[in-house]
A.B. asks: 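Got a structure for you, questions after.
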2 protein chains.
Amino acid sequence: MSRPTIAAVAQAAGVSVASVSRVLNGLPATEEMAERVQRAVEQLGYVPDSRARSLKVGRTFQLTLAVADVGNPVYVTMMRAVEEVVSAAGYRLVVTTTGADVVDEVALVRGMARGYADGLLISPIRVDEDLVKSIRECGVPVVVAGNVPAKAGVDTVRANSPKGMLLAVDHLVAKGRTHIAFLNGPADTVPGTARAKGFADALKAHDLQPAGETEAADFTFAAGRAVGGEVLRSQPDAVICANDLLAVGLMHELVGAGLRVPEDVAVVGMDDSELAEQSFPPLTSVNLGSAERGRRAAELLLARIEDNDRRPRRIVVQPSLSVRRSTP
Amino acid sequence: MSRPTIAAVAQAAGVSVASVSRVLNGLPATEEMAERVQRAVEQLGYVPDSRARSLKVGRTFQLTLAVADVGNPVYVTMMRAVEEVVSAAGYRLVVTTTGADVVDEVALVRGMARGYADGLLISPIRVDEDLVKSIRECGVPVVVAGNVPAKAGVDTVRANSPKGMLLAVDHLVAKGRTHIAFLNGPADTVPGTARAKGFADALKAHDLQPAGETEAADFTFAAGRAVGGEVLRSQPDAVICANDLLAVGLMHELVGAGLRVPEDVAVVGMDDSELAEQSFPPLTSVNLGSAERGRRAAELLLARIEDNDRRPRRIVVQPSLSVRRSTP
DNA sequence: GTCGGGCTTGTAAACGATTACAAGAACGAT
DNA sequence: ATCGTTCTTGTAATCGTTTACAAGCCCGAC
């Protein structure tokens with residue numbers, strides 16, 4: 001006993017399938033026709049098949065957002081912004097998780113191909129040629145929140161993390177901290193490389209030597225905690241972390257080692273996610289414009305759906321610093 | 001210039017559409033056939049349309065998880081567990097957000113109806129008859145992570161929050177706290193009512209009077225903070241909070257008011273989400289089995305997809321207490 | 001030489017909706 | 001009464017796949 005189709009409804013109501021479709025889509029119909037159809041629909045518990053519908057009309061009114069790790073609060077900020085834009089435009093947003101692995105991302109893009117959604121917004125953590133290739137071949141408009149080579153010819157929205165790093169270092173130096181360490185995530189990721197370079201440049205701009213540089217296994221709380229001891233070995237008076245999760249993980253280790261934040265060691269996160277506000281002490285964090293990136297990326301996606309031949313755009317969002325109590 | 005179809009590929013390769021389909025689906029074919037098809041696919045950049053495909057085969061191999069608030073870390077725990085189960089079974093998981101509003105949930109269930117996914121796992125925060133009705137009419141297997149009336153006849157997996165409350169109160173009493181307050185979320189929600197009742201019963205079991213009961217506007221950090229002052233008015237020596245976000249929000253206010261956790265006030269959260277571990281001090285929290293609920297719910301969903309006529313099951317997952325440093 | 005069996009390949013009928021087009025009904029104007 | 005308009009309704013084509021079925025081919029066995 002499979003689900004009823006529009007034909008069953010038509011038969012039950014004693015009308016044609018076209019009439020059923022028309023009533024259901026709110027096209028003009030007589031009172032009596034509408035009534036009969038409604039009754040039949042009710043009685044059979046008919047639910048239209050959206051696959052068939054979207055196959056015919058060519059759109060699903062669904063958009064997909066693919067993120068690396070749903071546990072990373074930076075994505076909730078971004079997700080909220082995206083959601084707002086796309087739902088205002090009449091689309092439903094669905095979120096899917098890629099692993100941190102690039103092959104997962106490729107598989108996702110491939111699988112997400114034509115049909116499941118009208119567009120894809122992806123925030124990849126690692127990028128290689130396969131990914132770029134799969135994006136181009138994907139068959140549905142894609143915009144990337146992150147950094148891909150310009151020659152890839154895809155719409156991108158990215159953060160300016162070097163500038164963000166500079167803001168963080170400026171702030172710390174202004175507060176008299178000069179022995180600054182960096183806690184990075186995996187260096188073979190897009191944000192990892194960008195932030196490492198940004199850190200180096202920012203210190204150079206102030207004629208400072210890095211107190212130390214540590215690479216965590218992941219951009220996660222647990223990874224930050226795991227390498228906390230290592231970070232402290234250089235006895236820094238401040239640590240900049242590649243994201244908020246790492247920063248919070250580190251702070252736990254600092255406190256565990258009997259150090260005070262910010263008196264003994266100042267800590268700066270990046271992303272300015274909800275966690276920065278929730279952590280204790282509240283975390284000074286570089287706002288890389290996640291919300292704005294989400295919003296702009298969503299707008300780009302909508303525009304590309306509208307007109308697939310438009311010239312690819314590459315937007316860079318400027319950072320700001322949210323100063324909280326984890327720095328003096 | 002729309003995307004190429006299988007017919008275009010067939011023409012380019014000089015074979016029939018059936019052959020193309022067969023090659024693409026890995027059915028036996030001669031070396032030469034496979035080669036010609038592959039070449040044509042490559043050359044045209046053909047991507048199969050999954051709508052058409054799933055219309056024909058009757059499955060999408062996608063499952064949807066609908067949660068109220070992506071910012072609530074309890075859902076990431078659940079989501080990870082669900083993801084693990086369903087991806088092992090060969091399904092892709094997509095997540096979508098309902099507001100806290102029940103009409104949004106209904107709209108979602110309706111909209112998610114037949115076609116977008118092979119099944120729906122929903123964790124509703126408010127439940128009414130419309131929602132139950134829409135679930136039954138949805139046309140696709142649904143399992144609810146939460147509490148709906150038994151007569152609704154749907155598969156459910158829910159937590160035992162009264163028992164959880166009891167664990168929390170037991171623990172606090174064992175540590176000598178007797179002036180216990182409760183910080184609830186909105187009382188007109190399913191978890192809100194369950195936890196309020198659980199709290200009352202648990203105190204009664206210990207012959208205690210509640211120090212106070214406060215209702216926050218939402219199950220969020222901000223809402224917890226906002227009513228922090230109110231919670232403190234009754235000068236409790238311990239506060240149990242309806243979830244971790246509220247607890248962390250409250251702790252910020254406690255510290256702001258010059259109180260120490262746990263020396264002056266002990267704080268207990270519920271959900272035992274990642275945030276409990278990340279907060280400072282780490283939060284003692286009632287583990288309501290989010291991961292297990294996610295896992296069991298996913299299993300139920302898979303089973304129902306397999307056999308839609310099976311008798312609905314109602315699973316209750318038992319709680320445990322994760323003691324951390326926010327209690328003595 | 002003919003027949004049957006196993007392959008490979010093609011033709012065409014689904015899947016379940018939307019919608020262009022045509023046909024019929026109703027109705028007013030002439 | 002006839003005609004033309006407008007409005008409603010039905011028929012059938014279509015979206016892009018998969019797949020049942022049939023047809024063709026090649027081969028070995030009789």
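Here is how names work: the chains are called A, B, and so on, in the same order as the sequence lines, proteins then strands, and each is numbered from 1.
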A.B. asks: Which nucleotide in the list C:dG16, D:dT17, C:dT19 gets nearest to the side chain of B:P48?
C.D. replies: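 The closest nucleotide is D:dT17.
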
A.B. asks: Give the rounded distance in Å between these two atoms: CE of B:M33 and P of D:dC25.
C.D. replies: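 Taking atom P of D:dC25 as the reference, CE of B:M33 is at 15 Å.
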
A.B. asks: I want to verify a distance call: between C:dA20, C:dT11, C:dT18, whose nearest atom is closest to the B:A18 side chain?
C.D. replies: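 It is C:dT11.
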
A.B. asks: How close or far is atom C1' of C:dG10 from atom CD1 of B:I6, stated in whole angstroms?
C.D. replies: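 Roughly 13 Å, once rounded to whole Å.
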
A.B. asks: Between C1' on C:dG16 and CZ on B:R59, what's the gap in Å once rounded to a whole number?
C.D. replies: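 After rounding, the reported distance stands at 18 Å.
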
A.B. asks: Of the options A:D188, A:T98, A:T189, which is the one that meets A:R126 in a side-chain hydrogen bond (donor to acceptor under 3.5 Å, both in side chains)?
C.D. replies: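 Looking at A:D188, A:T98, A:T189, the match for A:R126 under the side-chain hydrogen bond (donor to acceptor under 3.5 Å, both in side chains) is A:D188.
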
A.B. asks: Please figure out whether A:L55 or B:G14 has its closest DNA chain C nucleotide nearer the 5' end.
C.D. replies: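 Final value for this comparison: B:G14.
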
A.B. asks: Out of A:R310, A:E299, A:R296, which residue meets the side chain to side chain contact (heavy atoms under 4.5 Å, CB included) rule with A:D155?
C.D. replies: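 Of the listed residues A:R310, A:E299, A:R296, the side chain to side chain contact (heavy atoms under 4.5 Å, CB included) partner of A:D155 is A:R310.
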
A.B. asks: Take the protein atom CZ of A:R53 and the nucleotide atom C1' of C:dT19, then report the distance between them rounded to whole Å.
C.D. replies: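 The answer, rounded to whole Å, is 12 Å.
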
A.B. asks: Could B:D118 and B:R92 be called an ion pair, given the rule that one side-chain N must be under 4.0 Å from one carboxylate O?
C.D. replies: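 A salt bridge is absent here (no side-chain N lies under 4.0 Å from a carboxylate O).
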
A.B. asks: Looking at every strand, decide which applies to A:T30 at a 4.0 Å heavy-atom threshold: base, sugar-phosphate, or nothing.
C.D. replies: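 The residue A:T30 makes sugar-phosphate contact but no base contact.
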
A.B. asks: Measure the distance from CG on B:L24 to C1' on D:dG16 and round it to the nearest whole Å.
C.D. replies: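 Answer to the nearest Å: 13 Å.
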
A.B. asks: Nearest nucleotide by nearest heavy atom, which residue falls closer to the 5' end of DNA chain D, A:K56 or A:E32?
C.D. replies: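 It is A:E32, whose closest nucleotide lies nearer the 5' terminus.
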
A.B. asks: Is the distance from OP1 or OP2 of C:dG10 to the nearest side-chain N or O of B:S19 less than 4.0 Å?
C.D. replies: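 So the side chain of B:S19 is within the cut-off, an N or O lying under 4.0 Å from OP1 or OP2 of C:dG10.
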
A.B. asks: Can you tell me if the side-chain N/O atoms of A:T5 get under 4.0 Å from OP1 or OP2 in C:dG16?
C.D. replies: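 No.
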
A.B. asks: Would you mind classifying the nucleic acid contact of B:R51 as base, sugar-phosphate or nothing, using non-hydrogen atoms under 4.0 angstrom?
C.D. replies: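 Nothing, no heavy atom under 4.0 Å.
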
A.B. asks: Tell me: CZ of B:R3 to P of D:dT17, nearest whole Å?
C.D. replies: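 Result: 11 Å.
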
A.B. asks: Grab the CZ-P distance between A:F61 and C:dA17 for me, whole Å please.
C.D. replies: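 Atom-to-atom, A:F61 to C:dA17, this comes out as 18 Å.
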
A.B. asks: If you count heavy atoms of other groups shown closer than 6.0 angstrom to CD of B:Q11, is the number above 12?
C.D. replies: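 Atom CD in B:Q11 is not packed in, count stays at 12 or less.
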
A.B. asks: Taking atom P of C:dT9 as reference, at what distance in whole Å does atom CZ of B:R22 sit?
C.D. replies: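 To the nearest whole Å, that distance equals 8 Å.
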
A.B. asks: Would one find a side-chain N or O of A:S16 under 4.0 angstrom from OP1 or OP2 of D:dT9?
C.D. replies: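 No, because none of the side-chain N or O atoms of A:S16 sits under 4.0 Å from OP1 or OP2 of D:dT9.
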
A.B. asks: For the atom pair CG (A:D49) and OH (B:Y116), what is the distance rounded to the nearest 0.5 Å?
C.D. replies: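 One finds 10.0 Å between CG of A:D49 and OH of B:Y116.
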
A.B. asks: How do A:Y46 and B:V17 order along DNA chain C: which one's closest nucleotide is nearer the 5' end?
C.D. replies: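 On the 5' side of the pair lies B:V17.
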
A.B. asks: Considering only side-chain heavy atoms of A:D49, which listed nucleotide, C:dT18, C:dA14, C:dG16, is closest?
C.D. replies: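 The answer is C:dG16.
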
